[in-house]
Amino acid sequence: MSVEKKDMEKIVALCRRRGFIFGSSEIYGGIGGFWDYGPLGVELKRNIKDAWWEDMVRNPPIGPDGKEFQMVGVDCSIIMNPKVWEASGHVGGFSDPMVDCKTDGCKGRFREDQLCESPCPLKPSKMAGDFEKCALTEAREFNLMFQTHVGALQDNSSVAYLRPETAQGIFANFKNVMDSTRVRIPFGIAQIGKAFRNEINPRNFTFRSREFEQMEIEFFCHPDESKMWYEFWREVRIKWYESLGIRSDKLRPREQGEEELAHYSDACTDIEYLFPFSEETQELEGVAHRGSFDLNAHGKASKGKETAFAVVDPATNERFVPHVIEPSAGVDRFTLAAITEAYSFDENRASPEFMKFHPRLAPIKAAVFPLVGKDGMPDIAEPIYRDIKKRIPCQYDTKQSIGKRYARMDEAGTPFCFTIDGQTKEDGTVTVRNRDDASQDRIDKSRCLEFLQDQLGL
Ligand code: GAP
């Protein structure tokens, strides 16, 4: 087994042990492709979504023309009128080619394009199709949308879909947003929310799940400027991952070949990351040039005219259907990348496993420990903890030895711990312990919050 593979197993074990990620409904044997985030995982995921919203929506970067642009948010329903998915092309075309195995006792179902990565259920040492007993069918298209019914009647007239992407809620509300706000081209509409895909082979922990979250921007611009904005968003999004601690040598922008492009895309760059479960980089986010495909399609299907959602340039009176650049990121994929990037192992440390999260992402930013639960130490520690907790996520721990408390915080990825000890009573200083190198220093007990704000840049 390669070192990388072993690391992934350790990472999955740590995620479970420390409450980052659990299998969904594990007490009943779980369910493939669905995951639950535990107390640490939910904070990490929230920090990721907050960072994205803050950096992309509330405080977006300056545009390539040196000007500010507008960005607004929406939060749309998961189930929409099924006509949305007919117009968008998902009912007809959102499918993967799938093959079944007819061998008795197997009944495996595989993506045709992933046979070489799909172990045979009867003989896992071989890949599907390679074992002599495999009897694979011809490939047929399998639509990835989950179906449900709306209302009491369960027939064709009540079929609806769980959205497979958040993007379409944005397109369906394009005119509502234009009419109800003062946004003008170029501008973006952003959304964070759940998406569902009945993936044939969910795999690699949370990487390919059946229920996941997306952070999507649909950026509307003049067709003549769409190339400029496409390049701009590609740059912005790569830099954003780097700003949150993802090493640039593990990130790779990959321009999709024509044969790979989704039905709506004129061009697409996948921002890929080197996860430990693969020797090749894998998609973290897609930055797609969707042209006017979606506004045309919804204009035609809902209003009978492809140009129904055209806008007018007030300066030139030109009427045009905006082009769309779409940076579409997976919350769960970035959460997994942040976890694998943070995972560190140093056998020379008392607690060899530690999570080097970027300060903005760390689920807990600080911890306060009285060395012992007596001698007046808790009386000094508690006010320090309460003071920090008002501003910065902080934990208080009095249980077990100080070494074990540091180890717990290392695994949670807490950047700094403050320990109130015998010396605190003599000179008013506390021990500050740094997660990354396990070094210890002393600062005045009145400076703990200020120290954190300085060090973490919060
Ligand atoms: N609106 C465009 C769109 O949905 P996509 O490339 O299919 O494009 C965008 O998905 C992002 O959503 C991906 O880059 C990935 O991060 C995330 N994603 C897609 N399918 C996923 C799955 N099955 N499990 C986890 N994340 C997924």
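The structure displayed is predicted, hence computed values, not measured ones. Order of listing sets the numbers, starting from 1, for every ligand and every atom in it.
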| For ligand 1, which atoms sit closer than 4.0 Å to a heavy atom of Tyr264? | 2 (C), 3 (C), 8 (O)
| Any idea which of Arg197, Glu211, Glu326 brings a heavy atom closest to atom 5 (P) of ligand 1? | Arg197
| Would a line drawn from the ring center of Phe174 to the ring center of Phe220 be shorter than 6.0 Å? | yes
| said: Quick check on contacts: which atoms of ligand 1 are under 4.0 angstrom from a heavy atom of Glu216? | reply: 1 (N), 2 (C), 3 (C), 4 (O)
| query | Which ligand 1 atoms, with their elements, are less than 4.0 angstrom from a heavy-atom of Phe207? | reply | 24 (N), 25 (C), 26 (N)
| Which pairs with one or both residues in residues 116-132 pass salt bridge (charged side-chain N to carboxylate O under 4.0 Å, His left out), sequence neighbours excluded? | Glu117-Arg203
| Would you call Arg360-Asp50 a salt bridge at under 4.0 Å N-O? | no
| Which of these, Phe212, Phe275, Trp240, Trp52, sits in a ring-ring contact (aromatic ring centres under 6.0 Å, His included) with Phe334? | Trp240
| Can you list the ligand 1 atoms lying under 4.0 Å from a non-hydrogen atom of Glu285? | 14 (O)
| message | Heavy-atom contact check, 4.0 Å cutoff: does Leu284 meet ligand 1? | response | yes
| note | Counting from 1 in the order shown, the ligand 1 atoms closer than 4.0 Å to a non-hydrogen atom of Ser209 are 22 (C), 23 (N), 24 (N), 25 (C)
| query | Going by distance alone, is a donor N or O of one side chain under 3.5 Å from an acceptor N or O of the other, for Thr166 and Glu216? | reply | yes
| For ligand 1, the portion of Phe196 having any non-hydrogen atom under 4.0 Å away | neither
| query | Can you find an N or O of Glu199 that's nearer than 3.5 Å to an N or O of ligand 1? | reply | yes
| field | Arg290 NZ/CZ over Phe171 ring centroid, <6.0 Å and within 45° of normal | value | no
| query | Which of the atoms in ligand 1, numbered in the order shown and given with their element, are less than 4.0 Å from a heavy-atom of Arg290? | reply | 1 (N), 2 (C)
| query | At a 4.0 Å threshold, what atoms of ligand 1 neighbour a non-hydrogen atom of Gly286? | reply | 14 (O)
| So which heavy atom in the protein is nearest atom 17 (C) of ligand 1, and how far is it from that ligand atom? | Gly330 CA, 3.8 Å
| request: Would you mind checking which non-hydrogen protein atom is closest to atom 12 (O) of ligand 1, with the distance to 0.1 Å? | output: Gln214 NE2, 3.3 Å
| message | Taking the ring centre of each residue, are Phe219 and Phe232 less than 6.0 Å apart? | response | no
| task | For Ser344 and Ala342, indicate whether the former's side chain and the latter's backbone hold a donor-acceptor pair under 3.5 Å. | result | yes
